[in-house]
Amino acid sequence: MKNIINIVIGLLMVTALKAQTLDAYIQEAENNNPEVQAFELRYNISKEKVEEADAFPKTEVSAGVFVSEPETRTGAQKARFSVKQMLPWFGSITLRENYASSLAEVDYLDIVITKRKLRLSVSQSYYELYAIEEKQVVLEENIQLLNTYEKLALTSVEVGGASAVDVLRLQIRQNELKEAKQVLEQEYKAVQTQFNNFLNRNENTSIAVVDALSVEEPIEIQQVQLELHPELEKYDRLYESVAHSEVLNQKEANPNLGFGLDYIPVAKRPGMDFSDNGKDILMPMVSLSIPIFNNNYKSRTVQNELRQEEINAQKANQRNLLETILSDALNNKEASYIKYKTQLRNLEQAKNAEEILIKNYETGTIDFNDVLDIQELQLRFQINLIEAVKNYYVQMTIINYLTNQ
C-alpha cells in the first residue's frame, strides 16, 4: 500500500512539473528574481521622494538672554524669542513634485526593462535545455541503432560477410556517442543552474520543458514597433525629467518669502506708574531672500540643455543598436527556418539510404562502412535540425523582447 501511495505521489509530482509552462517559469522569475526586487525597491524609494518634495523648509526657532539688559522707556529687555518660516516661491512645491514624479517614472521603466531582459534570459535558457534534452534523446537512439548494427555485423562475421574490424568500428562509434551524451549531461547541469538562478531557487531543481516545438514560416515584423520599446521610452522620460528640472531651476531663481515673529519680554521699571510700564514687545516680521548672485542658476540651465542633447544622442544610438539587433534576429530566424527545412529533407533522404542498406543486408551485401557513413550523416542532420529549432525560438525571444509581441 505504501509503495502504491509513493507511486501516485510521484506521478502527481511529474504531472505538476510537466504542467508548468515557459510562461509560468517567467512569471516565477519575475516574482522571485533579486534584480527585479532591487529595482522595485528603488521605485518605491522614488515614490517616497515625491512625498518628500512637498515639504517646507525647516522652521527656525531661536531664543536669547540679554547679558547686558538694554533699558527702554518701558523697562529693561530681558530676552528675545524668535520663530521664522521661509516659504518657497509660488508653485515651487508643485514643480518639485513633478520633477520627483518624472524620476520615479524612469525608475519604473527600469523595472519594465529588467523584466523584459529576464524574460529573454529565461526563455533562451529554456530553449537551450530543450535542445540538450533532444540531443540526448537523439544520441541514445543512435547508440541503440549502432547496437543493432553491431549485432548484424556479428552475425555477418559468423557467415563471412563482415570482418571483426567492422564490429570494432561500430563499437568505437558507440563509445564516441556515449561520450557526447555524457558531455551533454554536464552542459545540462550548467544551464539548469543558470535557469534556476534566474528564478532564485535551488540550482538542482528539476525543470520541465516541452517535448516538441513546431517551426512556422517567419512573418514580417515592422521596424516602427521599436518606438514603443521601454529602453527608448526611458530616454523620453529622462528628457522630460530634465525639462522639469529646468522649470524648477527657473522657479528657484525667484526670491524666497519668509514670515516670522519676535517676542521680547520687558521688566517693569520700579517706582514708576504709567500705562506701558513693563509692556512686552511683539514684532511680526517679513523677510525676502533675493538671489543677487545667481550664476549657479544660469549654469544649471546650460547643464540641463547639454544634458538634453546628450539624452537625444544616447536615444539615437540606442535606437540604431536595437534596430541592428532586430534586423539580425529577423535574418537569423529566417536562416534557421531555411536550415530547418533543409535538415528535414536531408533526414528523409538519409532514412531512405538506411532502408536500402537494411534491404541489402537481407541479400547479404551490406557494407558496414556505408552503415557508419549514413549513421554519421543522419546524426549530424538530427543535431542540425535540433539546433535550427532552438535557434529559431531563440531569435523569436529576441524579437519578442524588442517588439513585445
Steps toward side chain to side chain contact (heavy atoms under 4.5 Å, CB included) verdict (Asn317, Gln314): CA-CA 5 Å; Asn317 179 68; Gln314 289 175 337; 5.7 Å; no
Heavy-atom pair of closest approach, residues Val122 and Ile26: CG1-CG1, 4.0 Å
Nearest atoms (heavy-atom pairs only) where Ile399 meets Lys333: CD1-CD, 3.8 Å
Partners meeting side-chain hydrogen bond (donor to acceptor under 3.5 Å, both in side chains) with Tyr43 (sequence neighbours left out): none
ring-ring contact (aromatic ring centres under 6.0 Å, His included) evaluation trace for Phe195 with Tyr25: CA-CA 9 Å; Phe195 187 91; Tyr25 284 129; 5.1 Å; yes
Just wondering, do [Y] and [X] contact through their side chains at under 4.5 Å, heavy atoms?
X: Glu128; Y: Lys390; result: yes
X: Glu28; Y: Arg201; result: yes
X: Arg319; Y: Leu322; result: no

Within the 3.5 Å criterion, strictly below it, is a donor on [X] or [Y] matched to an acceptor on the partner's side chain?
X: Gln171; Y: Glu150; result: yes
X: Glu105; Y: Ser46; result: no
X: Gln378; Y: Asn142; result: no

Between [X] and [Y] (side chain of the first, backbone of the second, donor and acceptor by atom type, cut-off under 3.5 Å), is there such a pair?
X: Glu387; Y: Ser336; answer: no
X: Asn200; Y: Asn32; answer: yes
X: His244; Y: Ala100; answer: no
X: Asn320; Y: Ala316; answer: yes
X: Tyr126; Y: Thr21; answer: no
X: Ser102; Y: Tyr99; answer: yes
X: Asp280; Y: Val266; answer: yes
X: Asp262; Y: Met283; answer: no
X: Asn332; Y: Asp328; answer: yes
X: Ser327; Y: Thr324; answer: no

When you look at [atom1] of [X], are more than 12 heavy atoms from neighbouring residues, nucleotides or ligands closer to it than 6.0 Å?
X: Lys251; atom1: NZ; answer: yes
X: Gln144; atom1: CD; answer: yes
X: Phe198; atom1: CZ; answer: yes

Set of salt bridge (Lys or Arg N to Asp or Glu O under 4.0 Å) partners for [X], sequence neighbours left out:
X: Glu176; value: Arg173
X: Lys78; value: Glu69
X: Glu140; value: Lys181

Looking at [atom1] of [X] and [atom2] of [Y], how far apart are the two atoms once the value is rounded to the nearest 0.5 Å?
X: Asp236; Y: Leu109; atom1: CG; atom2: CG; value: 9.5 Å
X: Leu146; Y: Gln375; atom1: CG; atom2: CD; value: 4.0 Å
X: Lys135; Y: Leu385; atom1: NZ; atom2: CG; value: 11.5 Å
X: Asn331; Y: Leu326; atom1: CG; atom2: CG; value: 9.5 Å
X: Leu139; Y: Leu145; atom1: CG; atom2: CG; value: 12.5 Å
X: Leu321; Y: Leu232; atom1: CG; atom2: CG; value: 10.0 Å

Steps toward side chain to side chain contact (heavy atoms under 4.5 Å, CB included) verdict (Tyr149, Leu372): CA-CA 9 Å; Tyr149 287 149; Leu372 281 171; over 6 Å; no
Worked verdict on Phe90 versus Asn254 for side chain to side chain contact (heavy atoms under 4.5 Å, CB included): CA-CA 9 Å; Phe90 304 103; Asn254 293 323; over 6 Å; no
Among Val191, Asn204, Thr205, the one residue meeting side chain to side chain contact (heavy atoms under 4.5 Å, CB included) with Asn196: Thr205
Test side chain to side chain contact (heavy atoms under 4.5 Å, CB included) applied to Ser101 - qualifying residues, sequence neighbours left out: Val50
Pair Glu310 + Arg307: basic N to acidic O under 4.0 Å: yes
salt_bridge(Arg237, Glu233) N-O dist < 4.0 Å: yes
Scan the side chains in residues 339-350 for donor-acceptor partners under 3.5 Å anywhere in the protein, sequence neighbours excluded, and list what turns up.
from: Thr342; atom 1: OG1; to: Ile338; atom 2: O; distance (Å): 2.9
from: Thr342; atom 1: OG1; to: Arg345; atom 2: NH2; distance (Å): 3.4

Result of checking Gln37, Arg119, Arg116 against Glu30 for side chain to side chain donor-acceptor pair (under 3.5 Å): Arg119
Side chain to side chain contact (heavy atoms under 4.5 Å, CB included) assessment of Leu120 paired with Thr397: CA-CA 6 Å; Leu120 174 64; Thr397 61; 3.5 Å; yes
Whether Tyr393 and Tyr127 hold their rings parallel, tilted or perpendicular, with breakpoints at 30° and 60°: tilted
